[in-house]
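One structure is given here, and the rest of the page talks about it.
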Number of protein chains: 2
Amino acid sequence: MADETILATFFRKLEVRDVVTAAEKVALIACASDMVSVPAGGDLVREGDRPDTSMLVLDGFSSRYRDAPDGSRQITAIHVPGDFVDLHSLLLREMDHSVGALSACSVMRFPHARLRSLTETHPHLTRLLWLMTLIDASIHREWLSAAARTAPEQIAHLICELYVRLGITGLIAPDQSFTLPLTQTALGEALGLSAVHVNRSLQQLRSEDLFTWQNQTVRILDWESLKRRASFDDRYLHLVREPR
Amino acid sequence: MADETILATFFRKLEVRDVVTAAEKVALIACASDMVSVPAGGDLVREGDRPDTSMLVLDGFSSRYRDAPDGSRQITAIHVPGDFVDLHSLLLREMDHSVGALSACSVMRFPHARLRSLTETHPHLTRLLWLMTLIDASIHREWLSAAARTAPEQIAHLICELYVRLGITGLIAPDQSFTLPLTQTALGEALGLSAVHVNRSLQQLRSEDLFTWQNQTVRILDWESLKRRASFDDRYLHLVREPR
DNA sequence: GCGGCCGACTAACATTGGTTATTTGAGCCC
DNA sequence: GGGCTCAAATAACCAATGTTAGTCGGCCGC
């Protein structure tokens, strides 16, 4: 069980896209079971698992990843507080990748059995949950297109994306800064670049005074120029409130 | 309206993952409105559109793509007959990319209004449609991981994927061949490689006798070696039949 | 307070893949 | 049947990125 305030970030994410009724909030809250904490570096779920709950991250950053046999890791998504991190396991059943905690995470768990009965009784809420997974897919497509960009552009683009996604749930500080618990190595794993090249590209971006990045804190200095530098267009995040 | 046989490829796709009742088939068939033909090179939907129908491809290959301002094109997915090609527009509303016909396509259209009421009355079928979009997302993640691979591996991997996906709906000929209406340029757009490099990589693969590719026809010569060459593991396609 | 580890950073070098330009051959239109 | 156009193929050259092999500084545990 949970009270409404604890799911506030998630409801804000939904409400950016559609109206959510009080009854729907109650129904979703009733699906929550318990909270779990995962230390930085730990896994929320592992490839091959067949979880019987899905997890909504209340606090902390996490990454969706897969490790190759040669030891290299590919990160396919970065998740921020308010993201329903393995909602798709409700239907896919077996995890085809892992989700790891980039920083300490606190997580609300939703048993699949309850979510499944929610889909039987609350079609509109079901569509909104479906929508969240569709937006994740849209982000994947955007990352796929990013492959064409140069390394600095890719980095700038990721920062733009996180800035907007964190903004939705009020996680951007008044000075336009936000926490980003990513090492340069992890950033490379997300963008398909070597750590060395990430470092080189960051140096270059640094000289352009678009943002600063120190102590796991990114601060946007010139949003418009940064967006331009990254060719960032937030349409793929579907931030429009309309009936779904 | 449509009869069952015309949606047979789609039902086979669903039935690989779960049981579909006769009543559910009837309900889905009732959602279909009309058929449309699109010539090779034409678009099924365009970026920025707000379609009020979703389209299931009955025949022909299509690609999900976005054109960059500099004229380059990034293909983010390749769709085969039986794929519900813009089901996500039901919830995302505005298209953030286009879908183009790689070969002549015939398409069944499903008005959003009917699909929406389907989600109100048929929760299990809704979950199966949701599942189809989740598998698309899973394929996106696989393509994202592919960025780490070398060009020949990427090409081999794509061929493996299409071989398996086409196999589901019985579209592989007895001699292990299938139609692939992709130019080398389009293949490059899908994998983020230049056409020249695709050509180079194909030459190399050719010398390994894993498959042939002539006249838009790919023929698998040595499936096990090809899978190994591509590090292909079909788990991400979720080909397991179980309750969802 | 010291040793060890991890992340940031640097340098030199290797390689993959991109660019541009040109050729060839197959289909197609009139 | 000649001249299109388009895809495949090839060559020469170039830029982006990877690899290897470090150094350096901060933080943590004992």
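Here is how names work: the chains are called A, B, and so on, in the same order as the sequence lines, proteins then strands, and each is numbered from 1.
No side-chain donor-acceptor contact under 3.5 Å links A/D96 to the backbone of B/R235. Side-chain atoms of B/D49 do not come within 3.5 Å of backbone N or O of B/P51 as any donor-acceptor pair. Under the 3.5 Å distance criterion, the side-chain polar atoms of B/S98 are matched with a main-chain donor or acceptor of B/E47. A/S138 places a side-chain N or O within donor-acceptor distance of the main-chain N or O of A/Y236, the cut-off being under 3.5 Å. Within the 3.5 Å criterion, the main-chain N or O of A/H97 finds no donor-acceptor partner in the side chain of A/R64. Using modelled atom types, one side-chain atom of B/Q74 and one backbone atom of B/E189 make a donor-acceptor pair closer than 3.5 Å. When atom types are taken as modelled, the side chain of A/S201 and the backbone of A/H197 share a donor-acceptor pair closer than 3.5 angstrom.
Using a 4.0 Å cut-off between charged nitrogen and carboxylate oxygen, B/D34 and B/R109 count as a salt-bridge pair.
Non-hydrogen atoms lying under 4.0 Å from DNA chain D are contributed by nothing in residues 62-76 of chain B.
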Under-3.5 Å N/O pairs linking protein and nucleotides 24-28 of chain D:
none

Please produce a list of atom pairs where a protein N or O lies less than 3.5 Å from an N or O of nucleotides 10-12 of chain D.
unit_1, atom_1, unit_2, atom_2, d
D/dT10, OP2, B/Q203, OE1, 3.1
D/dT10, OP2, B/Q203, NE2, 2.6

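Checking D/dT17, C/dG18, C/dC9 against the side-chain heavy atoms of A/R206 singles out C/dC9 as nearest.
Scanning for salt bridge (charged side-chain N to carboxylate O under 4.0 Å, His left out) contacts around B/E142 gives A/R66, B/R149, with sequence neighbours left out. Residues that satisfy the salt bridge (charged side-chain N to carboxylate O under 4.0 Å, His left out) test with B/D59, not counting sequence neighbours, are absent from this structure.
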Evaluation steps, ring-ring contact (aromatic ring centres under 6.0 Å, His included), between B/F84 and B/F110: CA-CA 10 Å; B/F84 222 136; B/F110 293 77; 5.1 Å; yes
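Counting to the nearest Å, the C1' atom of D/dA16 and the NE2 atom of B/H197 are 13 Å from each other. Atoms CD (A/Q154) and P (D/dA16) sit 14 Å apart, rounded to a whole Å. In this entry the distance linking CZ of A/R149 with P of C/dG18 reads 16 Å, nearest Å. Following rounding to the nearest Å, B/L187 (CG) and D/dA9 (P) show an atom-to-atom distance of 12 Å. Taking atom CD1 of A/I155 as the reference point, atom C1' of D/dT17 lies 12 Å away to the nearest angstrom. Atom C1' of nucleotide C/dA8 and atom CG of A/L180 are separated by 15 Å, given to the nearest angstrom. Rounded to an integer number of Å, the gap from B/E153 CD to C/dG17 C1' is 15 Å. Summarising the geometry, the separation between CD on A/Q184 and C1' on C/dC9 is reported as 8 Å, rounded to the nearest angstrom.
Nucleic acid contact for A/L193: sugar-phosphate only, since backbone atoms but no base atoms lie under 4.0 Å from a heavy atom of the residue. When heavy atoms are screened at a 4.0 angstrom cut-off, B/T183 is found touching the sugar-phosphate backbone but no base atom. Heavy atoms of B/S201 sit nowhere under 4.0 angstrom from any nucleic acid atom. Residue-level contact check: B/G192 touches the backbone only, with heavy atoms under 4.0 Å from sugar-phosphate atoms and none from bases.
Atom CZ of A/R12 has more than 12 neighbouring heavy atoms from other residues, nucleotides or ligands inside a 6.0 Å radius.
A perpendicular orientation is assigned to the rings of A/H157 and A/F232, their planes being inclined by more than 60° (bins at 30° and 60°).
Side chains of B/T217 and B/N215: a donor-acceptor N/O pair is absent below 3.5 angstrom, by distance only.
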Nucleotide-resolved protein contact map, nucleotides 23-30 of chain C, B/S/- at heavy-atom distance under 4.0 Å: --------
